Amino acid sequence: QVQLVESGGGLVQAGASLRLSCAASGRTFSSYAMGWLRQAPGKEREFVAAISGSGGVTRYADSVSGRFTISRDNTKKTVYLQMNSLKPEDTAVYYCTARRSLSGGPYDYWGQGTQVTVSS
């Protein structure tokens, strides 16, 4: 079992930065690809970024590429999402996820979500 707890959301102005953290429990953290998804009001949940178990491979949605950086610290069982140059369209609830494969398959575990609000 893996439990995920996000933190770091908040209200910021456009152009600002935020760093989200996701702390995981369980002994097999490094065996999971970790990711971030987000859901804005009235919209479908969408992929944001993902990172392999070792941290050596990352993937990003086109909408955040070049602005967001995903990273992980397996010794701390934590994954991060550094968000720079935030835009109002980044406003959403951000969810941390864990799954066995970086390239696909079901998301095995979800966090409770953290709200990010970007004002114009």
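The structure presented is a predicted model; accordingly, all values stated were derived computationally and were not measured.
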Taking every non-hydrogen atom, the tightest pair across [X] and [Y]:
X: Ala98; Y: Leu4; answer: N-CD1, 4.0 Å
X: Ser120; Y: Pro88; answer: CB-CG, 3.8 Å
X: Val48; Y: Val64; answer: O-CG2, 3.5 Å
X: Ala92; Y: Arg38; answer: CB-CB, 3.8 Å
X: Ile70; Y: Tyr60; answer: N-OH, 2.9 Å

Linking I/L/V/M/F/W/Y whenever any side-chain heavy atoms sit under 4.5 Å apart, do [X] and [Y] land together?
X: Trp36; Y: Leu18; answer: yes
X: Leu86; Y: Phe47; answer: no
X: Val93; Y: Met34; answer: no
X: Tyr94; Y: Val2; answer: yes
X: Val79; Y: Val116; answer: yes

Lys/Arg cation over aromatic Phe29: Arg72, 6.0 Å, 45° cone: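 That pair qualifies as a cation-pi contact.
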Assess whether atom CD of Gln3 is packed by more than 12 heavy atoms of other residues, nucleotides or ligands within 6.0 Å.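 Not more than 12 within 6.0 Å, no.
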Quick test of your reading: applying disulfide bond (SG atoms under 2.5 Å apart), list the pairs with at least one residue in residues 81-120, sequence neighbours left out, ordered by first then second residue.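 Pairs touching residues 81-120 that pass the test: Cys22-Cys96.
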Give me each pair satisfying disulfide bond (SG atoms under 2.5 Å apart) with a member in residues 28-83, each pair once, sequence neighbours excluded.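 Sorted pair list comes back empty.
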How many angstroms lie between atom CG of Leu20 and atom CZ of Phe68, to the nearest 0.5 angstrom?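 So the gap between those two atoms works out to 8.0 Å.
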Distance (rounded to the nearest 0.5 Å) between Tyr95 OH and Leu37 CG: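 Answer for the OH-CG pair, Tyr95 versus Leu37, is 10.0 Å.
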Can you list every pair that meets side-chain hydrogen bond (donor to acceptor under 3.5 Å, both in side chains) and has a residue in residues 10-20, with sequence neighbours left out?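 Found Ser17-Asn84.
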Going by atom types only, do Ser31 and Arg100 share a side-chain donor-acceptor pair under 3.5 Å?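 There is such a pair (donor and acceptor under 3.5 Å, judged by atom type) between the side chains of Ser31 and Arg100.
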Donor-acceptor pair between Thr91 and Glu89 side chains, under 3.5 angstrom: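 No - no donor-acceptor pair under 3.5 Å links their side chains.
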Evaluate side-chain contact (heavy atoms from CB on, under 4.5 Å) for Val57 paired with Leu102, printing each intermediate quantity in order. CA-CA 9 Å; Val57 181; Leu102 181 65; 3.4 Å; yes
Report yes or no: does [X] contribute a side-chain atom to a donor-acceptor pair with the main-chain N or O of [Y] at less than 3.5 Å?
X: Arg67; Y: Ser85; answer: yes
X: Thr114; Y: Gly9; answer: yes
X: Glu6; Y: Gln112; answer: yes
X: Asn74; Y: Lys77; answer: no
X: Ser52; Y: Gly56; answer: yes
X: Thr75; Y: Asp73; answer: no

How are the rings of Tyr109 and Tyr32 set relative to one another: parallel (under 30°), tilted (30 to 60°) or perpendicular (over 60°)?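 Judged by the thresholds at 30° and 60°, the geometry between Tyr109 and Tyr32 is perpendicular.
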